[in-house]
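Encoded as structure tokens, the structure appears first; notes follow it.
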Amino acid sequence: MLRTHQSFLAYMAQLYEEQQRKEDIIVKTFKKGSKLLEQGSSITKVMLIKEGITKCFVKEENDKDFILEFLGKGEIIGEIELLQHIPCLCNIEAMTDVTVYALSVPYFRSLLTKDLGFNNLLLEVFSKRIVNTSSRASYQQLYTTEHSLSRLLTLQDQLGTPMSKEDMAAYLGITIRSLNRALKQLEDLKK
């Protein structure tokens, strides 16, 4: 539910400290509610989350959002679009104040051609995303909405970051009305 990658974060912190040109990797901050990346826009930096929590979501043609993932420390964003030479596939929005390592495009490209450790971490990220996406898809098909909601509420408690009903519904792929019904059913089970 919340994706993190501590070894990628440690690797990026080391690259940041060792860089000769201090403009290859910069530290940027984003306030809660601001967008790090916007669906359809061009990529100007690849970013790795240093601190904070973001949501990765797609705005559909019917103006509804679908949250793909919650991303935390060590998660990289913007790399797929840069590799594929395409506009942003989704929105990345700060759920808390967020700090990132922002890599310039030329520096990111040089890491791809010269740094085996970086490439191995990137391959690990891609393979984990495939596994997580398929696991989530099967989980949502096999378990009830109430069960998935219960897990989401547990995550919310662990993070200490409240989620709006809109975000919960967008993550579960249901309407607000269905979410309210599921919340009521969970309440009734607790009684």
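Starting from 1, each residue takes its place in the sequence as its number.
Screening residues 107-120 for side-chain hydrogen bond (donor to acceptor under 3.5 Å, both in side chains) gives Y11-D115 as the qualifying pairs, with residues at least two apart or on separate chains.
Between Y171 and F70, the ring center distance clears the sub-6.0 Å criterion.
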Go through it in stages, so that I can follow the logic: the residues are T96 and K32, the test is side chain to side chain contact (heavy atoms under 4.5 Å, CB included), and I'd like the CA-CA distance, side-chain angles, deciding distance and then a yes or no. CA-CA 5 Å; T96 63; K32 177 181 177 178; 5.6 Å; no
Could you go step by step and tell me if L111 and L103 meet the side chain to side chain contact (heavy atoms under 4.5 Å, CB included) rule? CA-CA 10 Å; L111 288 173; L103 289 74; 3.7 Å; yes
| task | Just do the side chain to side chain contact (heavy atoms under 4.5 Å, CB included) check on K165 and N180 with the steps written out, would you? | result | CA-CA 8 Å; K165 284 187 177 183; N180 286 332; 2.8 Å; yes
Between K73 and E51, is the side chain to side chain contact (heavy atoms under 4.5 Å, CB included) condition met? List the steps. CA-CA 6 Å; K73 293 179 181 181; E51 289 287 332; 3.4 Å; yes
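Scanning all heavy atoms of the two residues, the minimum distance from Q39 to F57 falls at OE1-O, 4.1 Å. For the pair L68 and C90, the tightest heavy-atom approach, listed with the atom from each and the gap, is CD1-CB, 4.5 Å. Of all the heavy atoms in L121 and S7, the pair that sits closest is CD2-OG, 3.8 Å. The shortest heavy-atom contact between E124 and S127 is O-OG, 3.0 Å.
Separation of atoms CD1 (I77) and CD (E69) is listed at 13.5 Å; rounding is to 0.5 Å. With values rounded to the nearest 0.5 angstrom, L112 atom CG is found 6.5 Å from L122 atom CG. With rounding to the nearest 0.5 angstrom, the NE2 atom of H5 is 11.0 Å from the CE atom of M12. The line from CD of E75 to CD1 of I92 is 10.0 Å long, rounded to the nearest 0.5 Å. To the nearest 0.5 Å, the span separating CD on Q19 from CD1 on I26 amounts to 9.5 Å. Remark: M163 CE to I67 CD1 distance equals 8.0 Å, nearest 0.5 Å.
Under a 4.0 Å N-O distance rule, the pair K59/D65 qualifies as a salt bridge.
Between R129 and V125 there is a side-chain heavy-atom pair separated by less than 4.5 Å. Counting heavy atoms from C-beta on, the side chains of L9 and L48 come closer than 4.5 Å. Side chains of T54 and L36 form a contact here, defined as non-hydrogen atoms less than 4.5 Å apart. Within the 4.5 Å cutoff, the side chain of C88 has heavy atoms near those of the S41 side chain. Using a 4.5 Å cut-off on side-chain heavy atoms (C-beta onward), F30 and M47 make contact. Looking at heavy atoms from C-beta onward, V131 lies out of side-chain contact with F126 at the 4.5 angstrom threshold. Put simply, the side chain of V98 does not reach to within 4.5 Å of the side chain of K28, judged on heavy atoms. Considering only heavy atoms from C-beta on, V100 stays 4.5 Å or farther from T29 through its side chain.
The 12-atom threshold is exceeded at NZ of K22, counting heavy atoms of other residues, nucleotides or ligands nearer than 6.0 Å.
Not a single donor-acceptor pair under 3.5 Å links the side chain of E93 to the backbone N or O of C56.
Residues V58 and I176 fall into different hydrophobic clusters, defined by Ile, Leu, Val, Met, Phe, Trp and Tyr side chains chained together at heavy-atom separations under 4.5 Å.
Aromatic ring pairs are classed by plane angle as parallel below 30°, tilted from 30° to 60° and perpendicular above 60°; the pair F108 and F118 is perpendicular.
Side-chain N/O atoms of E38 and N91 include no donor and acceptor closer than 3.5 Å.
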